[in-house]
Amino acid sequence: MRTDRCGDLRLTDEGRSVTLCGWVSRRREHGEHLAFIDLRDRSGIVQVVVDGAQDLRAEYVLQIKGEVRQRPNETTNTSISTGEIEVEAKEVTVLSEAEPPPFPLDERTEIDEVLRLRHRYVDLRRERMQKNLTIRSKVNSAIRQAMEEQGFVEVETPMLIASTPEGARDFVVPSRKEPGSFYALPQSPQIFKQLCMVGGVDRYYQIARCLRDEDLRADRQFEFMQLDAEASFVTQEDVLAFISYAVLSAAETITGERPGEIPRMSWHEAQERFGSDKPDIRFGLELVELTDIFTSTEFRAFEAPCIKGIRVPKGSDLSRNRLDDLTEKCKQWGAKGLVWMKVEDGELNSPVSKFLTEEEKSALQETLQAEDGDLLFLVADERSMVRHVLGLLRLEMGRPPVTEGGLSFLWVVDFPLFEGVDEEGNPQPAHHPFTMPHEEDIEKLEEGDLLGVRSQAYDLVLNGWELGSGSVRIHKREIQEKIFQVLGIETEEAQEKFGFLLDAFRYGAPPHAGFAFGMDRLTAILAGEENIREVIAYPKTQSGADPLTSAPNPIDDKHLTELGLRVLPPKQ
RNA sequence: GGUCCUGUGGUGCAGCCUGGAGUGCACGCCGCCCUGUCAAGGCGGAGGUCGCGAGUUCAAAUCUCGUCAGGACCGCCA
């Protein structure tokens, strides 16, 4: 139907007879016998000159047969790629008429997102979305190529699987053949990829769809894509190298420039300096240790296991209102309170300064390297709470948009094996229950110093977003059983939930390690978007609805009966 | 489960704080004019349940409460 794409035509095509297809992007009428049509397809826009009489409205779909010619002097348009030429139409066919679009398709205004999603098929015509979908395709392709180059084999794993107890809330699919039983949709192909290792697929990867029924965010959808990878006979170092190669290749494909080697930071350092396991290292405002200054303080609020502070340069002009607002936020994040101090004329001006000694105040100024005009924030509490609250306050005070300042990758390594305990007092795995403890820390496991056990688990962070995580897995049955025991998972329960994995390990399990990272997040940042919905063709809203198809919606009783289901009345 | 923000012709905004007739701006739409525009231009016109429901008031887009939808975040996301 067409010989060329609109955006591809150049001066070198002058004189050619071409056939183009596309949408009417804009028309400019100059009376009865001259009109300009900007014809748009995926490749771009070209100006078509038509005899003015025809009724060609916005978004009509046209086929144009005509001749490429150089534009007359002084009429070239330097802002588009085809600006030196135009197509003189000899024949215009209306392939489809169109109602006026529900919103303008140019990029000048930000349109309400529900409206865009309801008419996504129109929204996708916009340059921004065409660009983002193209970038997504290129990122996928670059990742696949990088993994293939490194000898990985793509293996597809099932979508209808058994529910496993750990982790996020499962999406669930009722079984028709076995009423009352359910499949789960995979939160990740975790167990299947480990089985692939036992199966001798020593380098597995997959761009896998994953589903988790948790609340949505700017960087989280119910369903999302991960590069999932696993390799046998490798160490943590090998995995970091494989994954670094893949993400750096993807970045290079999109930006044209290969970022340098990805720096590393221990989980402990990340927590101490940034109050986060996914530190955004693009800006300062680091957490400073102040506990020792107040070991014998008279100020009761500072009689705490840990005190840390952050210095906001030139922050002393913050209004009392804003400071109260920040204090309130810190309380909602779990702190007992927030102490602020303004540095003015060498003095610390604060509601609490009268409770502090001169020694404490000068030590504070010195440690924080405070200067006139600065604002200091202090939080005192349990160490994990101080890190958590100041980490969030730091982001609140200084975090740039996720797309700003280039690509700041970071490996966070040496995660703890466990974090905290659940309601029943059982320790919780920080990563997942198949994570291999640090060789040096296996003794601590025996001694019961559980929170001190480091694991061979690692995260990849980009501009403060957690891209993904991975670990060296346990391949020895004894260690796995020990971990289950520590986690409070009974042998029977373990056998029931993960029996097939444990069984598999009887038949010759190679040492293996892996990783998985979010393709949507990587793509969004590479595309310069702050929200992954912008790089997903058909995303859901924050409440999990699809304005285009109205999903989720009720199904009829007949359908329910067939599945052996009955719906409870809505809660009051 | 929680905090905050938004909702006004088809679209994007202003108006709200400090209540007084659906008032304004830009784009789009419809009609007419226009032979070199490119966000074309000129003239004219149509288009509104101010998300929805209560309340306060002589009077509510505006104040209060509730509710719905959307968004950002906390919790949650092995």
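Chain identifiers are assigned alphabetically (A, B, ...) following the order of the sequence lines, protein sequences preceding nucleic acid strands; residue numbering begins at 1 within each chain.
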How long is the line joining [atom1] of [X] and [atom2] of [N], in whole Å?
{"X": "Arg27(A)", "N": "C34(B)", "atom1": "CZ", "atom2": "C1'", "result": "14 Å"}
{"X": "Asp546(A)", "N": "A69(B)", "atom1": "CG", "atom2": "P", "result": "15 Å"}
{"X": "Glu113(A)", "N": "A69(B)", "atom1": "CD", "atom2": "P", "result": "16 Å"}
{"X": "Glu99(A)", "N": "G10(B)", "atom1": "CD", "atom2": "C1'", "result": "11 Å"}
{"X": "Arg116(A)", "N": "G12(B)", "atom1": "CZ", "atom2": "C1'", "result": "14 Å"}
{"X": "His388(A)", "N": "C76(B)", "atom1": "NE2", "atom2": "C1'", "result": "12 Å"}
{"X": "Asn531(A)", "N": "G71(B)", "atom1": "CG", "atom2": "C1'", "result": "9 Å"}
{"X": "Asp112(A)", "N": "C68(B)", "atom1": "CG", "atom2": "P", "result": "19 Å"}

Using the [atom1] atoms only, state how far [M] lies from [N], rounded to an integer number of Å.
{"N": "A60(B)", "M": "U23(B)", "atom1": "P", "answer": "16 Å"}
{"N": "G71(B)", "M": "U18(B)", "atom1": "C1'", "answer": "29 Å"}
{"N": "C68(B)", "M": "G31(B)", "atom1": "P", "answer": "43 Å"}
{"N": "A69(B)", "M": "C17(B)", "atom1": "P", "answer": "28 Å"}
{"N": "G51(B)", "M": "A14(B)", "atom1": "P", "answer": "13 Å"}
{"N": "C50(B)", "M": "G22(B)", "atom1": "C1'", "answer": "8 Å"}
{"N": "A21(B)", "M": "G28(B)", "atom1": "C1'", "answer": "28 Å"}
{"N": "C16(B)", "M": "U62(B)", "atom1": "C1'", "answer": "4 Å"}

Using purine N1 to pyrimidine N3 plus N6-O4 or O6-N4 for Watson-Crick, or N1-O2 and O6-N3 for G-U wobble, each under 3.5 Å, what pairs with [N]?
{"N": "U6(B)", "value": "A69(B)"}
{"N": "C77(B)", "value": "none"}
{"N": "A26(B)", "value": "U11(B)"}
{"N": "A21(B)", "value": "none"}
{"N": "C32(B)", "value": "G42(B)"}

| Parallel, tilted or perpendicular: which describes the rings of Tyr458(A) and Phe515(A), with under 30° parallel and over 60° perpendicular? | parallel
Students often get this wrong, so: under 4.0 angstrom with heavy atoms, is [X] touching a base, only sugar-phosphate, or nothing?
{"X": "Pro104(A)", "answer": "sugar-phosphate"}
{"X": "Glu86(A)", "answer": "base"}
{"X": "Glu328(A)", "answer": "nothing"}
{"X": "Ser469(A)", "answer": "nothing"}
{"X": "Thr76(A)", "answer": "base"}
{"X": "Arg473(A)", "answer": "nothing"}
{"X": "Leu115(A)", "answer": "sugar-phosphate"}
{"X": "Arg533(A)", "answer": "sugar-phosphate"}
{"X": "His119(A)", "answer": "nothing"}
{"X": "Ala430(A)", "answer": "sugar-phosphate"}

Is any side-chain heavy atom of [X] closer than 4.5 Å to a side-chain heavy atom of [Y]?
{"X": "Ile45(A)", "Y": "Leu39(A)", "value": "no"}
{"X": "Trp465(A)", "Y": "Asp280(A)", "value": "no"}
{"X": "Val87(A)", "Y": "Val18(A)", "value": "yes"}
{"X": "Arg477(A)", "Y": "Glu481(A)", "value": "yes"}
{"X": "Glu113(A)", "Y": "Arg533(A)", "value": "yes"}
{"X": "Arg473(A)", "Y": "Thr435(A)", "value": "no"}
{"X": "Asp41(A)", "Y": "Cys21(A)", "value": "no"}
{"X": "Val24(A)", "Y": "Leu62(A)", "value": "yes"}

Per [X] side chain, nearest of listed nucleotides [options]:
{"X": "Thr541(A)", "options": "G71(B), C29(B), U37(B)", "value": "G71(B)"}
{"X": "Arg71(A)", "options": "C38(B), C77(B), G36(B)", "value": "C38(B)"}
{"X": "Glu214(A)", "options": "G71(B), C76(B), G36(B)", "value": "C76(B)"}
{"X": "Asp38(A)", "options": "U35(B), C38(B), C30(B)", "value": "C38(B)"}
{"X": "Asn77(A)", "options": "C38(B), C77(B), G70(B)", "value": "C38(B)"}
{"X": "Pro100(A)", "options": "C76(B), G36(B), C29(B)", "value": "C29(B)"}
{"X": "Arg57(A)", "options": "C38(B), C77(B), C29(B)", "value": "C29(B)"}
{"X": "Ala218(A)", "options": "C77(B), A72(B), C38(B)", "value": "A72(B)"}
{"X": "Gln542(A)", "options": "G12(B), U35(B), G71(B)", "value": "G71(B)"}
{"X": "Ala545(A)", "options": "U37(B), C76(B), G70(B)", "value": "G70(B)"}

| field | Arg217(A) side chain near C74(B) phosphate (N/O to OP1/OP2, under 4.0 Å) | value |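 Indeed, a polar side-chain atom of Arg217(A) lies that close.
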| query | Can a side chain N or O of Gln332(A) be found less than 4.0 Å away from OP1 or OP2 on G75(B)? | reply |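 Indeed not, no polar side-chain atom of Gln332(A) lies that close.
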| said: Between U37(B) and Phe36(A), is there a base-stacking contact, meaning the centre of the base's six-membered ring lies under 5.5 Å from the residue's ring centre while the planes stay under 30° apart? | reply: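 Stacking is present between U37(B) and Phe36(A), given that their ring centres fall under 5.5 Å apart and the planes under 30°.
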| message | For nucleotides 41-46 of chain B, give me one character per nucleotide, 5' to 3': B if any protein heavy atom sits under 4.0 Å from the base, S if the only such contacts are to the sugar-phosphate, - if neither. | response | ------
| query | Looking at Val389(A), Val312(A), Leu285(A), which one forms a side-chain contact (heavy atoms from CB on, under 4.5 Å) with Arg394(A)? | reply |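 Of all the options given, the one that passes is Leu285(A).
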| said: If the threshold is 4.0 Å, N to carboxylate O, is there a salt bridge linking Glu59(A) and Arg57(A)? | reply: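 Not counted as a salt bridge, because no side-chain N and carboxylate O are separated by less than 4.0 Å.
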